[in-house]
**Student:** 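Sharing a structure here in C-alpha cells format.
Predicted, not measured: the structure shown is a model, and the values here were computed from it. Below, chains carry the letters A, B, ... as their sequence lines are ordered, and counting in each starts from 1.
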Amino acid sequence: MADLFMQALELMLAGMGVVFLFLCVLTGAVMLLTRLCPEPMKMTAPSNPPPEDHANSQASKLAAVTVAVQKYRHARGRADQSED
Amino acid sequence: MADLFMQALELMLAGMGVVFLFLCVLTGAVMLLTRLCPEPMKMTAPSNPPPEDHANSQASKLAAVTVAVQKYRHARGRADQSED
Amino acid sequence: MADLFMQALELMLAGMGVVFLFLCVLTGAVMLLTRLCPEPMKMTAPSNPPPEDHANSQASKLAAVTVAVQKYRHARGRADQSED
Amino acid sequence: METWLTLWQSTGLSAMSLGALLMIVVGLVLVYLAIVHKFEPLLLLPIGFGAVLTNIPLAGMNEAGGVLYAFYEVGIATGIFPLLIFLGVGAMTDFSALLANPRMLLLGAAAQFGIFATLIGAIALNWVPGVEFTIQQAAAIAIIGGADGPTAIYLSSQLAPELLGAIAVAAYSYMALVPVLQPPIMRLLTSKKERAIKMEQLKPVSKRAKILFPLLVLLLTVLLLPTAAPLVGMLCLGNLMRESGVVERLSKSAQNELINLVTIFLGLAVGAQLTASSFLTIETLGILVLGAMAFVFGTAAGILMAKLLNVFSKQPINPLIGAAGVSAVPMAARVVNKEGLRADQHNFLLMHAMGPNVAGVLGSAVAAGILLALAG
Amino acid sequence: METWLTLWQSTGLSAMSLGALLMIVVGLVLVYLAIVHKFEPLLLLPIGFGAVLTNIPLAGMNEAGGVLYAFYEVGIATGIFPLLIFLGVGAMTDFSALLANPRMLLLGAAAQFGIFATLIGAIALNWVPGVEFTIQQAAAIAIIGGADGPTAIYLSSQLAPELLGAIAVAAYSYMALVPVLQPPIMRLLTSKKERAIKMEQLKPVSKRAKILFPLLVLLLTVLLLPTAAPLVGMLCLGNLMRESGVVERLSKSAQNELINLVTIFLGLAVGAQLTASSFLTIETLGILVLGAMAFVFGTAAGILMAKLLNVFSKQPINPLIGAAGVSAVPMAARVVNKEGLRADQHNFLLMHAMGPNVAGVLGSAVAAGILLALAG
Amino acid sequence: METWLTLWQSTGLSAMSLGALLMIVVGLVLVYLAIVHKFEPLLLLPIGFGAVLTNIPLAGMNEAGGVLYAFYEVGIATGIFPLLIFLGVGAMTDFSALLANPRMLLLGAAAQFGIFATLIGAIALNWVPGVEFTIQQAAAIAIIGGADGPTAIYLSSQLAPELLGAIAVAAYSYMALVPVLQPPIMRLLTSKKERAIKMEQLKPVSKRAKILFPLLVLLLTVLLLPTAAPLVGMLCLGNLMRESGVVERLSKSAQNELINLVTIFLGLAVGAQLTASSFLTIETLGILVLGAMAFVFGTAAGILMAKLLNVFSKQPINPLIGAAGVSAVPMAARVVNKEGLRADQHNFLLMHAMGPNVAGVLGSAVAAGILLALAG
Ligand code: NA
Ligand code: NA
Ligand code: NA
C-alpha cells in the first residue's frame with residue numbers, strides 16, 4: 001500500500017517532468033519554427049499552389065478525366081490546354 | 001412430419017398472438033404518449049433548442065473552433081459573444 | 001538460373017499472347033456492341049427513365065416517404081399523384 | 001509445353017461447369033431486372049453481380065481468402081450488415097403517420113399473418129417428395145412475408161444460412177413485384193365503394209412524442225421479446241438519432257454513407273451465396289412459391305383487418321390501407337394510393353397508408369423475434 | 001404447452017434481473033442528459049443507448065456472436081476506434097492560435113497536473129475498505145483529468161478495460177459539466193482585475209509553419225516518448241492532411257464520414273461495457289469523485305501557471321486562459337471567454353484560450369504516453 | 001531510481017537504431033515529395049507517414065496488436081483494400097473514349113510489354129551477386145510496368161508480400177514521374193510530322209453500349225482468364241453502378257467515401273511495410289532500376305504499336321497516344337496532349353489519349369491475372 005503510494009508519487013514526478021520537458025522543448029522548437037517560416041508579407045505567395053489542382057493521384061485523376069470526356073463531347077476542338 | 005406440422009401450428013398461434021399482443025400494447029402506449037405530449041399550439045416552443053448549436057461534443061466543437069479561428073484572423077475585436 | 005530464365009521467357013510469350021488475345025477479342029466484341037447499340041439520333045429516348053425515380057429500394061423509398069410525409073403535413077389534399 | 005497446359009487449365013472455358021454457367025445466367029438476369037425493370041436495384045444489382053462473381057470458376061472469390069467470403073463472414077454470418085442497414089432505415093423513417101393514428105399498428109400486426117401462414121405452408125410442402133424443410137428453414141422462408149429485406153437476411157443468416165441466397169432473392173423480387181401482386185387481391189376483397197372511402201386528415205404530432213416513440217418501442221421489446229432486440233434496437237437507435245435533433249451529423253451519416261457502403265457489401269455477400277448446389281434445387285422452387293403465397297396472405301389479412309376495424313371505428317378507414325401493412329416500404333403505400341385514386345380521383349391515401357406501412361416494419365421485426373425465440 | 005413455457009421464458013419480464021434493470025435506467029439517464037441537457041450528445045447518446053442494449057436479458061448483444069461484442073473486440077480492445085477519432089480530430093484542429101503564441105504550451109502542460117494528482121488520489125482511496133485500485137487502474141482513472149474522450153478510452157482499453165465504461169462516462173460527463181465546474185475555481189484563484197486583463201492580438205502564422213508543426217510534434221514524440229506515438233501520430237497525420245492542402249478529399253473524409261461512423265460504433269461499444277457487475281460498484285463511485293477532482297486540480301494548475309507566466313512575461317497574460325489548458329475543446333475556451341466578458345464586457349479571450357485548449361490535447365496525449373510507458 | 005531507468009529506456013533516443021532512423025528519413029522524403037512536388041499525394045502522403053510510424057522504436061504500431069498491423073492484415077494481406085479501390089476507380093472511369101474507338105485497346109495491350117520485359121530483366125538481375133529474385137518476386141516487380149497502383153499492390157500482396165513496400169513506392173513514384181520519363185522516349189521514336197498528326201473526332205456512344213461494356217469485359221474474363229476476376233470484377237461492378245444510372249447513391253459512395261477511407265488505410269498499411277530490413281537492401285535498388293525500365297519499355301511498345309496501326313489504318317493515328325497505353329491515368333494522357341501541342345499548337349490529343357489510357361488499366365489487370373495464373 002505504502003509501496004504503491006510511493007510508486008504513484010514517483011510516477012507523478014516523472015510524469016509532470018516529462019510533460020513539461022516535452023512541451024518546453026516543443027515551445028522552443030515552435031518559436032524557432034515560426035521565426036524560420038515568417039508569414040509572407042502581402043500576397044500569400046503560392047509556394048504551394050492550389051490544392052489538388054495538379055494532384056496526379058488515381059482518384060482525382062479519373063474524376064478529372066470523367067469531366068474532361070464529357071466536356072469534350074460537347075465542345076470538340078476546344079480541349080483543355082492546361083497541363084504540367 | 002405430423003409432429004412438425006403441430007409444431008408449426010403452435011408456432012403460428014404463439015406468433016400471431018405475440019405480434020398482436022405487442023402491437024396492441026404499443027397502440028395503447030402510443031395513444032397515451034400522444035395524449036401526454038400534445039402538439040404545442042402555434043409557435044413550436046423550442047424546448048429542444050437548435051440542434052448541435054450548443055452541442056459540446058468533440059467533433060462539432062473542433063469544427064466550430066476552426067471556423068472561429070479563421071473568422072478571428074480576419075476580424076479581431078469582434079469575437080463571437082454567444083455562449084452558454 | 002538458366003531454367004528460371006527460360007521460365008520467364010515462356011511467361012513473357014504466354015503473357016503477351018494472352019493480353020493481346022484478350023484485348024483483340026474485346027476489340028471485336030466492342031465493335032459489334034457499338035454497331036448493335038447505335039447512338040439514338042436526336043432526343044436521347046429514355047429507354048432507361050430517370051435514375052432512381054422509380055427505384056423501389058428500401059433506402060430511397062424511405063427517404064422519399066420522409067419527404068412525402070413532411071410535404072403532406074403542410075399541404076394536405078394535394079398529395080403526390082405520380083406513381084407506377 | 002507445361003506452361004501452355006497450365007494456361008489452358010486456367011481458362012474459364014476449360015474449368016466451367018454447367019451449374020456455374022447457369023448461375024452466372026441467373027446473376028445476369030437479376031442485374032437485368034435491376035437495371036431495365038428497376039427491380040429493387042440498390043440490392044438486386046449487387047446481389048446479381050455477386051452471383052456472377054461467386055460462380056466464376058478458379059477465381060475462388062467465395063472461398064477462404066476470397067473477398068466475397070470475407071464480406072459474408074464479417075457481415076452476414078455475424079448479422080452485422082443487416083443490423084447496420086436497420087440503423088440507417090431507422091434514421092430515415094418518419095413515424096409521424098403512425099403516431100397520428102396508432103390504430104394503424106393493428107394493420108401492421110394483421111399483415112404478419114402472411115409470415116405464419118407461410119410457415120405452415122412450408123411444412124406442408126414436406127409432403128412433396130424431395131423437399132424436406134426443418135422448422136428453422138420453414139421459419140426463415142416464412143419471413144419473406146415480412147416484405148423487409150434486412151429482416152429476412154438477418155433471420156435466415158441465423159436460422160438457415162444454407163437458404164439465404166434464395167430467400168433474399170425471393171424477398172427482394174416480390175417486393176419489386178408488389179405493384180403486380182397486390183392490386184388483384186385488393187380488388188377481390190373490397191367493393192368500389194369501400195375503395196373510395198376518404199379518410200380524415202392526420203393530426204400533427206409533437207416533437208417530444210416523436211423522440212419518445214423509439215424509446216417506448218425499445219422498452220416494450222425489452223419487456224416482451226428480447227430476441228427481437230438486435231433488430232428493433234438498431235431501428236430505434238437510428239430513429240432516436242434522427243428525431244432527437246442533437247446528433248444531426250451521426251444521423252446523416254447513418255442515412256447516407258453507412259447504408260450505402262453496407263448495401264454494396266451486403267448485396268455482394270448475399271449474391272455470393274447463389275451457387276448451383278444451393279440454388280438450383282427443388283427447395284428454391286418451393287421458396288419462390290411460398291414467397292408469393294406469403295405476400296398474398298399478408299395483403300389479404302391486412303385488408304380484412306382494416307375492414308374489421310372499419311366496423312368498429314367512428315372515423316372511416318379505407319380497407320385498402322390494410323394492404324400496406326406488409327411493409328415493402330414505400331411501394332405498398334404507393335400501390336394503395338394508386339388504387340384509391342382509381343376508385344375516386346380525389347382520394348389521396350398515400351399518407352394514411354404510410355402508417356400501416358411503417359407499422360409493418362415493426363410487425364415483421366417482432367415476428368422475427370418470435371421465430372428466433374421459438375424456432376432458433 | 002412447452003411452447004408457451006418457452007415463450008414466457010423468453011420474455012424480458014421473466015428474465016430481467018434487478019441489476020440489468022438499474023443499468024437500463026442508467027442508460028436512459030445518459031440518453032436523457034444527451035438529448036435534453038445536450039451533455040456531449042454525440043457520445044453520450046450512443047453510449048447510453050449501448051448501455052440499454054447490453055443489459056437487455058437474453059438478447060446477448062454483448063456476448064460472443066453479438067454485434068456490440070464485435071464492435072468492442074474490433075475497435076476498442078485493439079485501440080483502433082479512439083485512434084481513428086484522433087485522426088479526425090487532427091484533421092479538424094487548427095493549431096494557429098498555438099503557433100502564434102507558443103508559450104501557451106506551458107499552460108497545456110500545467111493543466112496535466114490534474115491527471116497526476118488524481119493518480120495519487122486513486123491510490124490514496126485504497127485506504128477506503130472495499131476499494132483496491134492497482135497502479136494500472138489508478139492511471140486509467142487519472143486520465144479523466146486529460147478532459148479528452150478518445151485519450152481516456154484508449155488508455156483505459158490498454159490499462160484497465162474492466163473500468164472502461166465508468167471512466168468514459170465520467171470523462172464525457174465532466175467535459176459536459178465544464179461550464180459548471182470551472183467558473184468557481186476561476187473566480188477563487190483570480191482577482192477581478194486579473195480577469196479583466198486584455199491580451200495582445202495574435203500574429204498570423206505562415207502556411208509552411210502550419211504544415212511543419214505536426215511533423216515537429218511527431219519527431220519530438222519519436223525522440224522522447226514513443227509510447228505516445230499511436231495517439232500523437234494519428235493526430236499529427238490528420239493535421240498534416242489538413243494543412244498540407246494536397247489531400248483535401250482525404251482530409252474531408254477523415255473529418256466527416258470517418259469520425260461520424262466511428263463515433264457511432266465507439267459509443268455503442270463503450271456503452272456495452274456498462275453492465276451491473278462492472279458499473280454498480282463502489283469503484284464507480286470512487287471514479288466519479290476522482291474524476292471531479294481531476295478537473296478541479298487541472299483547472300487550478302492551469303490558472304496558477306498562467307499567473308506565474310504573467311509575472312515573467314512582457315506581454316500581459318490573462319490568468320483565466322490557463323483554465324482552458326485542461327482541453328475539453330472547445331467548451332473550456334468558451335467558458336474562459338464568458339468569464340472574461342463578465343469581468344470586462346470588451347474582453348474577448350476566445351482565440352487566446354484556443355491556444356492552451358489545443359495544447360491541452362497534446363499535453364494529455366503525452367501524459368497518456370508516460371502512463372503507458374511506466375504503468376503499462 | 002528504477003522509474004528513471006525505465007523512463008530513459010522508453011525514450012526513442014535510447015532505443016533508436018540506425019536502420020529505423022534512416023527509414024524515418026525515407027518516410028519524410030516521401031511526405032516531402034507528396035506535399036511539395038505533388039508526387040501522387042493521395043497515396044504517397046499516407047505511405048510516407050506510415051513509414052515514419054512503423055519505424056518508431058517501442059511503439060510497435062506494426063506488431064501484433066498495433067493499428068498498422070491490423071490495417072495490413074485486414075486489408076492488404078486479404079487483397080480487400082486494392083479491390084475496393086478498384087471498385088471506386090470503376091465507378092469513376094468513363095470508358096466512352098475507348099468505346100468510340102475500340103482499336104485503342106490494342107495500344108493498351110502493347111504497352112503491357114513493359115511488364116513482361118521487366119520480368120525478364122528481374123530474372124536477369126539474378127546474375128548480380130546478392131540479388132536472388134524468385135519468379136514470383138520477379139512477377140510482382142514487373143507489374144510496376146502496369147503503372148497502376150492498386151493492381152501493383154494487389155499482385156505483390158499475393159505473390160511477394162516481402163517486397164510490397166518497395167514495389168508500391170516505386171510504382172507511385174514513377175507514375176508521378178511520367179511527365180519526366182515519357183517525353184524523351186516519345187521524341188526519340190516519332191518524327192515531328194508524326195507528332196503533329198491530327199485525329200478524327202470521336203463518335204458519341206450510346207448509353208446502352210456503356211452499360212453493356214463492363215458486363216462484356218467481365219464475361220470475357222470469366223471465359224479466358226478467371227484469375228483476373230477479382231480485379232476486373234470489382235472494376236466492372238463499379239463501372240456498371242456508374243453507367244446503369246439506377247444506383248446513383250451507391251456509385252457516388254464508391255467514388256467518394258469508400259475510396260477516400262480505403263486510401264487512408266491502404267496508404268498507412270503499405271507504408272508500414274517500409275522497414276529497414278525489407279527496404280534498405282540491394283533488392284530495393286534493383287526494384288527501382290527495374291521499375292524505370294518497365295515504364296520506358298511500356299511507353300516505347302505503346303508508341304511502336306501505334307505506328308504499326310497507323311500503317312494499316314484508314315483513319316490517321318497519332319503515334320504519341322500509344323504512350324498513354326501504360327495507364328498512369330490520367331497523367332500519361334496529359335503528357336501526350338502536351339507533346340501533341342508542342343508539335344502543332346492546334347493538335348488536341350487529350351480525349352484520343354484517354355482511350356489507350358483506360359485500355360491500359362484493363363491491360364494491366366489482365367497481365368496481373370496471367371502472372372497470378374502462371375507464377376502464383
Ligand atoms: Na413487414
Ligand atoms: Na488534456
Ligand atoms: Na496499365
**Student:** Just wondering, are more than 12 heavy atoms of other shown residues or ligands nearer than 6.0 Å to CD in E:Glu162?
**Tutor:** yes
**Student:** Among E:Leu372, E:Leu240, E:Val74, which residue has the highest count of heavy-atom pairs closer than 4.5 Å to chain F?
**Tutor:** E:Leu240
**Student:** How about F:Ser10 and E:Leu225: do any of their side-chain heavy atoms sit closer than 4.5 Å?
**Tutor:** no
**Student:** With only heavy atoms counted, which part of E:Leu258 is less than 4.5 Å from chain F, the side chain, the backbone, both or neither?
**Tutor:** both
**Student:** For the atom pair NZ (E:Lys252) and CG (F:Asn256), what is the distance rounded to the nearest 0.5 Å?
**Tutor:** 13.0 Å
**Student:** Mind listing the closest non-hydrogen atom pair of F:Ile35 and E:Val246 along with its distance?
**Tutor:** O-CG1, 3.8 Å
**Student:** Chain E heavy atoms under 4.5 Å from F:Ala15: which part of the residue, side chain, backbone, both or neither?
**Tutor:** neither
**Student:** Is there side-chain contact between F:Leu268 and E:Met234, with heavy atoms separated by less than 4.5 Å?
**Tutor:** yes
**Student:** Relative to chain E, which segment of F:Phe265 carries a heavy atom at a distance below 4.5 Å: side chain, backbone, both, or neither?
**Tutor:** side chain
**Student:** In terms of heavy-atom proximity below 4.5 Å to chain E, should F:Val52 be classed as side chain, backbone, both, or neither?
**Tutor:** side chain
**Student:** Contact part of F:Ile24 toward chain E, heavy-atom cut-off under 4.5 Å: side chain, backbone, both or neither?
**Tutor:** side chain
**Student:** Which is it for F:Leu45 and E:Ser244 under the side-chain contact (heavy atoms from CB on, under 4.5 Å) test, yes or no, and what are the steps along the way?
**Tutor:** CA-CA 10 Å; F:Leu45 192 149; E:Ser244 70; 3.8 Å; yes
**Student:** Chain F: which of E:Thr78, E:Leu261, E:Leu218 shares the most heavy-atom pairs with it under 4.5 Å?
**Tutor:** E:Leu218
**Student:** In terms of heavy-atom contacts, does CZ of E:Phe297 have more than 12 from other residues, nucleotides or ligands at under 6.0 Å?
**Tutor:** no
**Student:** Taking side chain as C-beta onward, heavy atoms only, is E:Leu87 less than 4.5 Å from F:Ile264?
**Tutor:** yes
**Student:** Please flag which part of F:Leu7 lies under 4.5 Å from any non-hydrogen atom of chain E: side chain, backbone, both or neither.
**Tutor:** both
**Student:** Passes side-chain contact (heavy atoms from CB on, under 4.5 Å), E:Arg249 versus F:Ile259? Steps please.
**Tutor:** CA-CA 10 Å; E:Arg249 45 186 293 161; F:Ile259 209 169; 3.0 Å; yes
**Student:** Please report the interatomic distance CE(F:Met61) to CG(E:Leu83), rounded to the nearest 0.5 Å.
**Tutor:** 6.5 Å
**Student:** Drop me the distance from E:Leu223's CG to F:Met16's CE, to the nearest 0.5 angstrom.
**Tutor:** 6.0 Å
**Student:** At their closest point, which heavy atom of E:Pro226 faces which heavy atom of F:Pro57, and how far apart are they?
**Tutor:** CB-O, 3.0 Å
**Student:** Taking all non-hydrogen atoms of both residues, which atom of F:Pro46 and which atom of E:Leu250 are closest, and how far apart?
**Tutor:** CG-CD1, 4.1 Å
**Student:** Going from CG on E:Leu215 to OH on F:Tyr32, what distance comes out if it is rounded to the nearest 0.5 angstrom?
**Tutor:** 13.0 Å
**Student:** Among F:Ile56, F:Leu53, F:Leu21, F:Leu13, which one satisfies side chain to side chain contact (heavy atoms under 4.5 Å, CB included) with E:Val222?
**Tutor:** F:Ile56
